[in-house]
Structures are given as C-alpha cells and as structure tokens.
Amino acid sequence: MYTIFQRTEISDPTLFYPSDTTKKIENFPEICISTFSDNIIQKFSSLNNIEKIAELYSANGILPVYKITYKDTDIAFYRSLVGAPACVSCFEEIIAMGAKKFVLFGSCGVLNDDKVKENIIIPISAIRDEGTSYHYIAPSQEIEANPHSIQILERVLTNCGYSYVKGKTWTSDAIYRETLSAIQERKEEGCLSVEMECASMLAVSKYRNIPFIQFLYGADNLSSDTWEIRDLSLYGLTNAEKYMVLAFECGLAM
C-alpha cells in the first residue's frame, strides 16, 4: 500500500466529515480571523461588545470562538493551535460552522534577516516539509498561494502604510529539527521564513475552495550562526493591534 506521500490523486471519499462533528451555526460571520498568539486573542476578547459565539472542542480543552463588529461587519476570531494537523482541524470545523473567508497570521522564524527586517512577510508559496497537506493535495515540492489573495494582501498593506516583502516560506513539522544543513538548503531555495502551518492551510483552502490569506511577522532569527529569540517570547503582543487590524482589513477586502 502506498503512503499518502506517494499517491498522485487525492480523491477517495472520507469516512466522516467536519459536518459530522461540528454543527452549522446560524448567522455565523462569513469572515473569520485567526492567530496563534494567545496574548493577542486574550487582548481582543476582553474588549467591550465582544461576544463568544461558539467553541472548538478537543482533548486539549476548549477554544472559544468570538465575534467582533468591525466597520459594521461581523467578524469571527479565535486562537489557532500550533502545528499543521491541529491548525487544519480547527480550520475545517470553522468552515463547517459557516465561515466562508479566512485570514490567518502568526509569527515565524526568519531565514533571511536582511530582506525581512521589520517587514510583514507575504508567503507566495510554501515548501511542503510537513505531512498534512499531502492528504488534501497531490505530492509536490511546494504549494503556491492564490495570486488574487496575494494581491489583496499587498493592497491592504500598502493602504495601511506597512512595508512588506514577498517570498517562499518553509513549513516544517519539527521545530527542534530545523538543522543547519536544512536551513541552508531552504535559504538557497529562496525561503524567507520557517513556520509549521502555511503549506497545509494553503492545501485545505484549495481543497475546500475557501478564499484564504496568510501573512507572517518575524519572531526569532535563524539567518545567522547564532539563534536569536527576539520577539518569540512576546508572541506578537507588542504589535497586536497592527496585526489584527490588518487581518480585519484583509477580510473586508476579500
């Protein structure tokens, strides 16, 4: 029997679907925003007039799903779990609840500090060094982001006055196995960043035909001989408002 990494077609019907475990919610916002930072979610969920509208369940506990009104539009938001399988499972269930457009953002390791600097990173494609994406899209070295989604993100960043850089990202399953040789190979392939979800989320969004935008911000630096932790200890809290507003604006522009 071939493993999923060797199959050329992903067409077999599944035994059960997200809709079998997750009920559709009436009037669920079409736009949903997510990030991995608990600090950012806690900050925004504590604002006035925020409503908890759903919950995502797992053996790890419950993830609340909130609703905020931004520019007269209801937008859902929640904290994604780190790592492709968990992140994708939440995404699948949010779609089952009723979300039709999705924006994800989070921190990443920087592989090219000279290019990234203080810029927002727009992933144009992701190296598939993880497993989840292969269950949704046939095997390939990388998966490209939707060009229209990239254009929307560029326009929003420009309108908001934030600088950005476009490039490849490396999606890995093993944060503690980002070896020196692998880092060098990915840098030579043009990767600006390393993270754990982008390739899988791009694959699922294509498989489910859900408009999807993801942007990244640099946390730790892996582009030199010495690892620098930098913002990794704060998980984006310093620029929480900046990132969330960018995500909201992307959602409205989709």
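Please read all numbers here as calculations on a predicted model, not as lab measurements. Numbers for residues simply follow the sequence, beginning at 1.
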List the residues meeting side chain to side chain donor-acceptor pair (under 3.5 Å) with [X], not counting sequence neighbours, and say none if there are none.
X    : result
S205 : none
E92  : Y136, R208
E55  : K52, Y57

Student check: side-chain heavy atoms of [X] and [Y] closer than 4.5 Å:
X    : Y    : value
F77  : I41  : yes
M244 : K43  : no
I121 : C108 : yes
M201 : V88  : yes
I143 : K206 : yes
Q214 : F102 : no
I122 : V165 : no
N239 : Y217 : no

Test side chain to side chain contact (heavy atoms under 4.5 Å, CB included) on T73 and I31 and set out the steps.
CA-CA 9 Å; T73 301; I31 302 168; 4.2 Å; yes
Pairing residues for [X] by the salt bridge (charged side-chain N to carboxylate O under 4.0 Å, His left out) criterion, not counting sequence neighbours:
X    : value
K187 : none
R128 : none
K67  : E51, D74

Above 12 or not: heavy atoms from other molecules or residues under 6.0 Å from [atom1] of [X]?
X    : atom1 : answer
E188 : CD    : yes
L47  : CG    : yes
N209 : CG    : no

Ignoring hydrogens and geometry, is there a side-chain-to-backbone donor-acceptor pair from [X] to [Y] under 3.5 Å?
X    : Y    : result
S34  : Y78  : yes
N221 : S223 : yes
T179 : A182 : yes
S149 : F212 : yes

Under 3.5 Å, is there a donor-acceptor pair linking the side chains of [X] and [Y]?
X    : Y    : answer
S133 : S200 : no
E130 : S172 : no
N39  : S37  : no

Measure the spacing between [atom1] of [X] and [atom2] of [Y] and express it to the nearest 0.5 Å.
X    : Y    : atom1 : atom2 : answer
L153 : I124 : CG    : CD1   : 12.5 Å
I33  : I94  : CD1   : CD1   : 11.5 Å
L192 : N112 : CG    : CG    : 6.0 Å
L222 : L111 : CG    : CG    : 6.0 Å
D129 : R177 : CG    : CZ    : 11.5 Å
E93  : C90  : CD    : SG    : 6.5 Å

Identify the two heavy atoms, one from [X] and one from [Y], that lie closest to each other, and give their separation to 0.1 Å.
X    : Y    : result
C191 : I127 : SG-CG1, 3.6 Å
F44  : A240 : CE1-O, 3.9 Å
R79  : D38  : NE-OD1, 3.1 Å
A76  : V65  : CB-CG1, 4.3 Å
A84  : D173 : CB-OD1, 4.4 Å
I210 : A99  : CD1-O, 4.1 Å

Working for side chain to side chain contact (heavy atoms under 4.5 Å, CB included), residues L81 and L63
CA-CA 9 Å; L81 298 176; L63 287 176; 3.7 Å; yes
Checking ring-ring contact (aromatic ring centres under 6.0 Å, His included) against F215, which of Y164, F105, Y162 comes through?
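Answer after filtering Y164, F105, Y162: F105.
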Counterpart residues, side-chain contact (heavy atoms from CB on, under 4.5 Å), relative to [X] (two or more places apart):
X    : result
P139 : Y134
A145 : I150, L202
S89  : none

Go through E195 and T171 one step at a time and tell me if the side-chain hydrogen bond (donor to acceptor under 3.5 Å, both in side chains) criterion holds.
CA-CA 5 Å; E195 36 65 47; T171 305; 2.8 Å; yes
Considering only distance and modelled atom types, tabulate donor-acceptor pairs under 3.5 Å from the side chains of residues 14-24, sequence neighbours left out.
{"from": "T14", "atom 1": "OG1", "to": "F16", "atom 2": "O", "distance (Å)": "3.2"}
{"from": "D20", "atom 1": "OD2", "to": "Y17", "atom 2": "N", "distance (Å)": "2.8"}
{"from": "T21", "atom 1": "OG1", "to": "P18", "atom 2": "O", "distance (Å)": "3.1"}

Pairs touching residues 135-163 that satisfy salt bridge (charged side-chain N to carboxylate O under 4.0 Å, His left out), sequence neighbours left out
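For residues 135-163, and leaving out neighbouring residues, the salt bridge (charged side-chain N to carboxylate O under 4.0 Å, His left out) pairs sorted by first residue read E142-K168, E154-K166.
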Test side chain to side chain contact (heavy atoms under 4.5 Å, CB included) on V103 and C32; report intermediate values, then the result.
CA-CA 6 Å; V103 182; C32 187; over 6 Å; no
Answer yes if [X] and [Y] sit in the same cluster of Ile, Leu, Val, Met, Phe, Trp and Tyr residues linked by side chain heavy atoms under 4.5 Å apart, and no otherwise.
X    : Y    : result
V194 : I183 : yes
L180 : Y176 : no
F36  : I175 : yes

Could you pull out every donor-acceptor pair under 3.5 Å between side chains of residues 246-254 and any protein atom, sequence neighbours left out?
{"from": "E249", "atom 1": "OE2", "to": "Y70", "atom 2": "OH", "distance (Å)": "2.5"}
{"from": "E249", "atom 1": "OE2", "to": "K71", "atom 2": "NZ", "distance (Å)": "2.6"}

Given the rule in the side chain to side chain contact (heavy atoms under 4.5 Å, CB included) test, do L104 and T35 qualify, once you have shown the distances and angles that lead to the verdict?
CA-CA 6 Å; L104 177 67; T35 183; 5.7 Å; no
